[in-house]
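Heads up, the thing below is written out as structure tokens.
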Amino acid sequence: MTSLSELLDLGRELHAQERTEGSVAALAQLLAGSQTDEKLAAAVVKGLDLWMAEVEQALGRVLASSPLAEFVDVTGLAKATAAAFVGLELYEGVDADGAAQALDALEELAALVTVLDDLGPVLRRTVRARLTRSIGPRSRSRPGQGRT
């Protein structure tokens with residue numbers, strides 16, 4: 001995968017596959033049970049960490065050349081992506097149209113990032129300067145920054 005759009009396409013494929021196989025329903029039960037069982041929670045976290053490491057690596061690679069790279073906590077974004085994936089899987093069961101709308105909104109966000117990536121060097125510097133003034137760059141020494 002070389003772009004957020006490609007990652008989203010893969011996510012949609014995995015979403016359909018996982019829905020058919022019922023894997024997310026099982027994960028939802030494990031997550032629910034983990035709320036009151038520390039041993040189960042530790043095992044579930046280990047399993048999720050393996051998944052999130054793959055997501056983090058892909059996001060880090062895709063965002064590395066983006067003007068947004070220095071402003072994104074890739075580790076946090078990977079966790080948000082994993083949580084959103086599970087949430088969308090469960091949400092689709094009660095509101096398929098709403099879940100589709102959420103995925104479409106993510107596709108629009110990916111398109112915006114692609115537009116930023118395609119800007120020339122002058123406009124990219126302008127975007128970077130404005131983002132720096134608004135939110136500041138992520139510190140390279142902060143734990144959990146998720147650079148891969």
Side-chain angles (χ1 to χ4, degrees), residues 1-119 124 127-128 130-140 142-148:
M1 305 289 114
T2 59
S3 70
L4 287 178
S5 293
E6 288 177 356
L7 286 176
L8 186 57
D9 288 344
L10 176 62
R12 284 184 185 260
E13 288 176 33
L14 291 172
H15 171 77
Q17 180 181 342
E18 296 298 322
R19 187 99 181 123
T20 300
E21 294 174 2
S23 302
V24 173
L27 177 57
Q29 291 175 4
L30 288 168
L31 290 168
S34 296
Q35 302 298 307
T36 57
D37 185 328
E38 289 181 23
K39 287 184 182 180
L40 181 59
V44 170
V45 166
K46 284 183 182 182
L48 287 173
D49 283 347
L50 293 172
W51 178 33
M52 284 187 271
E54 295 293 325
V55 173
E56 182 178 346
Q57 182 180 36
L59 287 169
R61 185 181 63 251
V62 166
L63 292 172
S65 63
S66 172
L68 300 177
E70 66 189 271
F71 303 98
V72 175
D73 173 1
V74 177
T75 301
L77 183 58
K79 290 178 184 205
T81 300
F85 187 83
V86 172
L88 281 170
E89 289 286 327
L90 296 172
Y91 185 63
E92 185 179 49
V94 296
D95 183 2
D97 290 339
Q101 185 179 12
L103 284 169
D104 289 345
L106 290 174
E107 205 163 283
E108 291 168 353
L109 184 59
L112 288 171
V113 171
T114 299
V115 168
L116 283 174
D117 287 345
D118 291 341
L119 294 176
R124 284 176 70 129
V127 168
R128 183 174 284 113
R130 288 210 133 172
L131 285 171
T132 300
R133 279 195 305 269
S134 296
I135 61 176
R138 299 217 25 96
S139 169
R140 297 226 181 259
R142 272 173 61 179
Q145 69 183 4
R147 297 282 183 250
T148 55

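All heavy atoms count here, side chains included; hydrogens, waters and symmetry mates do not. We number each residue from 1, following the sequence as shown.
- Residues in residues 3-13 take part in these salt bridge (charged side-chain N to carboxylate O under 4.0 Å, His left out) pairs, two or more places apart or across chains: Arg12-Asp104, Arg12-Glu107.
- Counting only residues at least two apart or in different chains, ring pair (Phe, Tyr, Trp, His ring centres under 6.0 Å) contacts with residues 38-60 comprise Trp51-Phe85.
- Contact annotation: the side chain of Leu27 approaches that of Leu48 to within less than 4.5 Å [non-hydrogen atoms, C-beta and beyond].
- Applying the side chain to side chain contact (heavy atoms under 4.5 Å, CB included) rule to Glu21 yields the partners Gln17, Glu18, Ser23; only residues at least two apart in sequence or on another chain are considered.
- In terms of heavy-atom proximity, Val74 sits nearest to Gly60 at CG1-N, 3.6 Å.
- Leu40 is linked by a side chain to side chain contact (heavy atoms under 4.5 Å, CB included) to Leu30, Ser34, Asp37, Val44, counting only residues two or more places apart in sequence or in another chain.
- Residue pairs meeting the salt bridge (charged side-chain N to carboxylate O under 4.0 Å, His left out) criterion with at least one partner in residues 78-94, sequence neighbours excluded, are Arg19-Glu92.
- Remark: Glu54 engages Gln57 in a side chain to side chain contact (heavy atoms under 4.5 Å, CB included) (not counting sequence neighbours).
- Using a 4.5 Å cut-off on side-chain heavy atoms (C-beta onward), Leu4 and Leu63 make contact.
- The side chain to side chain contact (heavy atoms under 4.5 Å, CB included) search around Arg133 returns Ala129, Arg130, not counting sequence neighbours.
- The line from CG of Leu31 to CG of Leu90 is 8.5 Å long, rounded to the nearest 0.5 Å.
- Leu8 CG to Leu106 CG: the interatomic distance, rounded to the nearest 0.5 Å, is 6.0 Å.
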